[in-house]
Amino acid sequence: MSADIRISNRETLTMSAVKEVLSFDESFICVMTEHGKVEIEGNGMRIINMSSDSGDMLVNGRIDGVFYAAKPKTK
């Protein structure tokens, strides 16, 4: 499954392949995706929609940064 992140006008973020929301508040959201952890920083952020069935998530607020780490390799 591919994971897509789209940011519109630094105000709306859509993401696919989200497996779990690990933590969130108005300045920080951390999620686990099919490909590893993603951290979103901003201000006034709210999770508008999160579907555990489809893995789609919609966030509104000011988006300042998106950071991700690769999924750890298994031996």
For Phe67, the other hydrophobic cluster members (4.5 Å side-chain criterion, sorted by chain and number) are none
Which is it for Met15 and Thr33 under the side chain to side chain contact (heavy atoms under 4.5 Å, CB included) test, yes or no, and what are the steps along the way? CA-CA 9 Å; Met15 181 182 296; Thr33 72; 4.1 Å; yes
**Message:** side chain to side chain contact (heavy atoms under 4.5 Å, CB included) for Ile5 and Thr14? Distances and angles first, verdict last.
**Reply:** CA-CA 6 Å; Ile5 299 173; Thr14 56; over 6 Å; no
Practice prompt. Evaluate the criterion side chain to side chain contact (heavy atoms under 4.5 Å, CB included) for residue pair Val18 and Met50; output intermediate values, then yes/no.
Written response: CA-CA 8 Å; Val18 175; Met50 170 58 202; 3.5 Å; yes
(Q) Under a 3.5 Å distance rule, please check whether Ser16 uses its side chain to pair with a backbone N or O of Asp56 as donor and acceptor. (A) no
In this structure, OG of Ser52 is separated from NZ of Lys19 (nearest 0.5 Å) by 13.0 Å
Taken in chain and number order and not counting sequence neighbours, the residues that satisfy side chain to side chain donor-acceptor pair (under 3.5 Å) with Thr12 are Asn60
One should read off an interatomic distance between Met45 CE and Ile40 CD1, to the nearest 0.5 angstrom, of 6.5 Å
In short, salt bridge (charged side-chain N to carboxylate O under 4.0 Å, His left out) pairs touching residues 38-54 with sequence neighbours left out are Lys37-Glu39
Excluding Leu58, membership of its hydrophobic cluster (Ile, Leu, Val, Met, Phe, Trp, Tyr; side-chain heavy atoms within less than 4.5 Å) reads Ile48
Residues passing the side-chain contact (heavy atoms from CB on, under 4.5 Å) test with Arg62, sequence neighbours excluded, are Asn43, Asp64
Practice task
May I ask you to test the Glu11-Ile63 pair for a side-chain heavy-atom distance under 4.5 Å?
Solution key: no
Let me check something: any side-chain donor-acceptor pairs from residues 22-32 under 3.5 Å, sequence neighbours excluded? List them with distances.
from: Asp25; atom 1: OD1; to: Ser27; atom 2: N; distance (Å): 2.9
from: Asp25; atom 1: OD1; to: Ser27; atom 2: OG; distance (Å): 3.1
from: Asp25; atom 1: OD1; to: Phe28; atom 2: N; distance (Å): 2.9

